[in-house]
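The next block holds one structure in the form of structure tokens; read it before the comments.
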Amino acid sequence: MVSLGHLNPEQRDAVLHQRGPLLILAGAGSGKTRVIVHRIAYLLDQGEAPQGILAVSFTNRAVREMEERVADMIKDRSIVKKLTLSTFHSLGVKILRKELQRLGYPARFTIYDPSDQLALVRRVMRENRIDETFHNAKDLLAAISQAKNLFLDPPDLNHNAHHELYNNVMVLKKTYSLYEDGLRACGAVDFDDLIRLPVKIFRAFPEALHTWSDRYRQIMVDEYQDTNRAQLLMVECLASVHKNLCVVGDDDQSIYGWRGSDVSNILNFGDQFQGTRVIMLTQNYRCSGHILTAANKVIAQNKTRYDKELWTDANPGPRIGLAVLPDEEQEARYTVEHLYELKHNEKRPWRDFAILYRTNAQSRAFEDALRQERIPYKLVGGQTFFERKEVKDTLAYLKVLYQPSDEIALRRIINYPPRSIGTTTIERLSETVREGQYNSLYQACEHVGDIEGLGTSAKNAVAEFIGQIEDFRSRVPHLSLSALTLRLLEEIRLFPYMHREYKNPNEAKSRIDNLSSLINAIEQYEKRVDSPSLDDYLERITLDTREEDDERETEKDAITLITLHGAKGLEYPVVYLVGVEDGFLPFYRQGEDPNVEEERRLCYVGITRAKQRLYILRALERRRFGRNLEREPSRFLKDIPKELTFFLQADQQRKAQSEEERDQKFKSFFSEINSLFSK
């Protein structure tokens with residue numbers, strides 16, 4: 001039997017609830033994962049079949065943590081394997097692998113990542129004379145994604161109602177429709193389809209809805225405040241038979257509205273699911289007292305939220321340090337000097353420290369300062385291993401082996417390494433597809449000998465390429481995936497090409513080393529899973545490569561540089577929250593109105609990442625396009641009671657300033673802060 005004695009009363013109530021909808025409002029650091037894990041173990045104790053338990057979260061990291069903690073608790077990994085612990089997107093893939101043919105898609109499909117999606121949008125725009133000079137492909141793709149998250153098809157888009165998605169709704173409708181046709185022709189879906197298409201299937205085919213809803217008799221959804229409209233509909237469908245739906249989230253940490261999440265999903269949960277019971281987890285186990293009080297005071301100013309206040313029995317801890325520096329360069333230098341001194345005085349590892357900022361561009365000054373001091377750091381959210389060109393090129397070959405209709409992958413490799421198949425040849429082949437002679441670019445390549453308007457050398461080059469691909473397709477069942485990939489790279493002579501192409505031998509070596517790392521990664525995958533396969537590997541790397549890259553970085557003893565959005569779900573003993581200025585936090589561009597409530601939630605998330613120490617910094621000026629622009633303090637600072645704060649030592653701050661500036665700057669600084677806190 002699972003022990004519940006160490007849970008607080010609210011956590012225990014949440015675990016013991018078995019029937020009907022339940023909303024667990026879990027404040028920052030309140031032990032929500034502990035509740036989910038104990039709830040799964042308790043349901044198993046009560047006789048629930050493991051196959052009937054579904055727990056959904058947003059990241060593979062969260063899913064793995066659930067798996068490990070459930071396994072530690074119930075001591076039987078065979079039972080854990082029968083549970084469905086999954087991300088939303090992985091669950092969507094699982095459903096589509098069995099059901100997608102109902103919508104007329106091929107049995108085999110690939111999942112397009114953002115670069116594949118953008119390539120497809122640009123292709124359909126070019127082929128249909130939609131001028132990218134006036135219509136930005138990235139903006140159109142973002143609008144298509146938003147429409148899918150809202151569960152809107154092209155015919156649903158209305159000029160009056162959906163102008164905010166894109167300023168020309170007619171162009172958006174046309175591009176969206178062409179993009180959908182292109183995906184289907186390529187035998188592909190995108191990330192948004194992994195949620196949207198299961199809902200379409202459930203709505204169109206009641207027998208599929210009943211099968212999947214009857215399968216999962218207990219459903220739990222983590223981070224529910226981050227769900228969008230399509231995810232809400234998916235959850236609603238899956239819970240339609242038994243209504244045993246438990247969602248866990250915090251409206252105060254809903255910070256992804258810009259990418260489609262809808263805080264009203266959690267605020268209106270009781271209206272959506274009748275008979276909902278609400279349990280609030282308000283005891284915080286992460287932050288020291290002063291940090292938690294500051295966070296409570298900041299978030300209390302939001303009007304649209306559940307009324308709750310976190311508390312802790314931890315000691316108050318140090319007060320929150322405040323510092324204002326003349327500009328971004330000195331803000332960065334001072335931060336690095338301060339954390340260096342703190343690290344050595346308190347004998348902390350580098351991994352204890354995190355520098356949090358609102359926009360990626362802010363990292364540059366801190367990276368420079370850390371490099372100058374030779375301090376190890378990791379930048380979370382930069383280019384990942386699987387986004388590197390040579391890696392994506394190799395994966396494109398594997399995608400074509402699996403799904404030859406994948407035109408985006410095919411176009412990427414058809415002349416890489418160069419094999420005398422030029423743009424004119426590719427366009428002539430594509431033209432035959434548009435004319436209806438062939439169903440796909442690959443099929444046109446297979447019949448290249450019959451196509452008029454191509455020279456003999458071009459036809460021979462295409463035929464040789466197709467012969468090579470077909471040869472490797474025939475080897476897929478007989479070779480391990482790692483051996484297949486290595487032989488492919490050798491036979492297309494990619495390594496000699498790189499030595500010729502990149503004049504700098506170090507760059508060539510670096511790219512070849514990346515390919516070696518890819519082979520190693522595939523070998524590790526083959527050791528890790530029971531039934532490795534090409535389609536399973538492609539699915540896994542598309543769904544979670546960014547997370548896996550970020551997790552590799554966590555092995556280092558290094559300072560973390562990360563955006564506020566990226567830091568959600570993480571925690572650090574010491575946090576430097578930098579650039580706390582209007583324009584950054586809340587973020588807005590000139591002439592725009594900020595979404596103050598969501599930005600305030602983002603500030604709250606930043607504050608509650610700190611466990612022991614929090615320092616808040618900003619600059620008086622920042623340089624933009626050759627001009628120094630004055631900066632105002634963030635409006636959120638005035639909500640932090642001044643008795644919770646202290647000014648960092650003036651003599652330390654003076655290290656970052658010239659003698660000529662310091663007196664005037666600090667007079668201005670203290671006058672400004674006193675004025676701020678007296679409001």
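One is the number of the first residue; the rest follow in order along the sequence.
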Do [X] and [Y] touch side chain to side chain, with heavy atoms closer than 4.5 Å?
{"X": "Leu141", "Y": "Ser145", "result": "no"}
{"X": "Met220", "Y": "Met66", "result": "no"}
{"X": "Asp582", "Y": "Tyr588", "result": "yes"}
{"X": "Phe366", "Y": "Val578", "result": "yes"}
{"X": "Asp250", "Y": "Tyr604", "result": "yes"}
{"X": "Leu602", "Y": "Phe587", "result": "no"}
{"X": "Ile640", "Y": "Ile616", "result": "yes"}
{"X": "Asp639", "Y": "Ile299", "result": "no"}

Show the nearest heavy-atom pair for residues [X] and [Y], with the distance to one decimal.
{"X": "Ile562", "Y": "Tyr572", "result": "CD1-OH, 4.2 Å"}
{"X": "Lys392", "Y": "Ser115", "result": "NZ-OG, 2.8 Å"}
{"X": "Leu561", "Y": "Tyr357", "result": "C-OH, 3.4 Å"}
{"X": "Phe636", "Y": "Cys603", "result": "CD1-CB, 3.7 Å"}
{"X": "Gly606", "Y": "Val575", "result": "O-CG1, 4.3 Å"}
{"X": "Gly579", "Y": "Glu331", "result": "N-OE2, 2.9 Å"}

[atom2] on [Y] to [atom1] on [X], rounded to 0.5 Å:
{"X": "Leu518", "Y": "Asp393", "atom1": "CG", "atom2": "CG", "answer": "11.0 Å"}
{"X": "Leu322", "Y": "Arg618", "atom1": "CG", "atom2": "CZ", "answer": "10.5 Å"}
{"X": "Arg319", "Y": "Leu614", "atom1": "CZ", "atom2": "CG", "answer": "13.5 Å"}

Using a 6.0 Å distance limit plus a 45 degree cone around the ring axis, check whether [X] lies over the aromatic ring of [Y].
{"X": "Lys389", "Y": "Tyr416", "value": "yes"}
{"X": "Arg540", "Y": "Tyr525", "value": "no"}
{"X": "Arg34", "Y": "Tyr285", "value": "yes"}

Gln524 side chain to Glu526 side chain, donor-acceptor N/O pair below 3.5 angstrom: no
Arg635 versus Gln301, side-chain donor and acceptor atoms under 3.5 Å: no
Donor-acceptor pair, side chain of [X] and main chain of [Y], under 3.5 angstrom:
{"X": "Asp222", "Y": "Ala55", "answer": "no"}
{"X": "Ser634", "Y": "Val580", "answer": "no"}
{"X": "Ser516", "Y": "Ile512", "answer": "no"}

query: Who passes ring pair (Phe, Tyr, Trp, His ring centres under 6.0 Å) against Tyr615, sequence neighbours left out?
result: His338, Tyr576
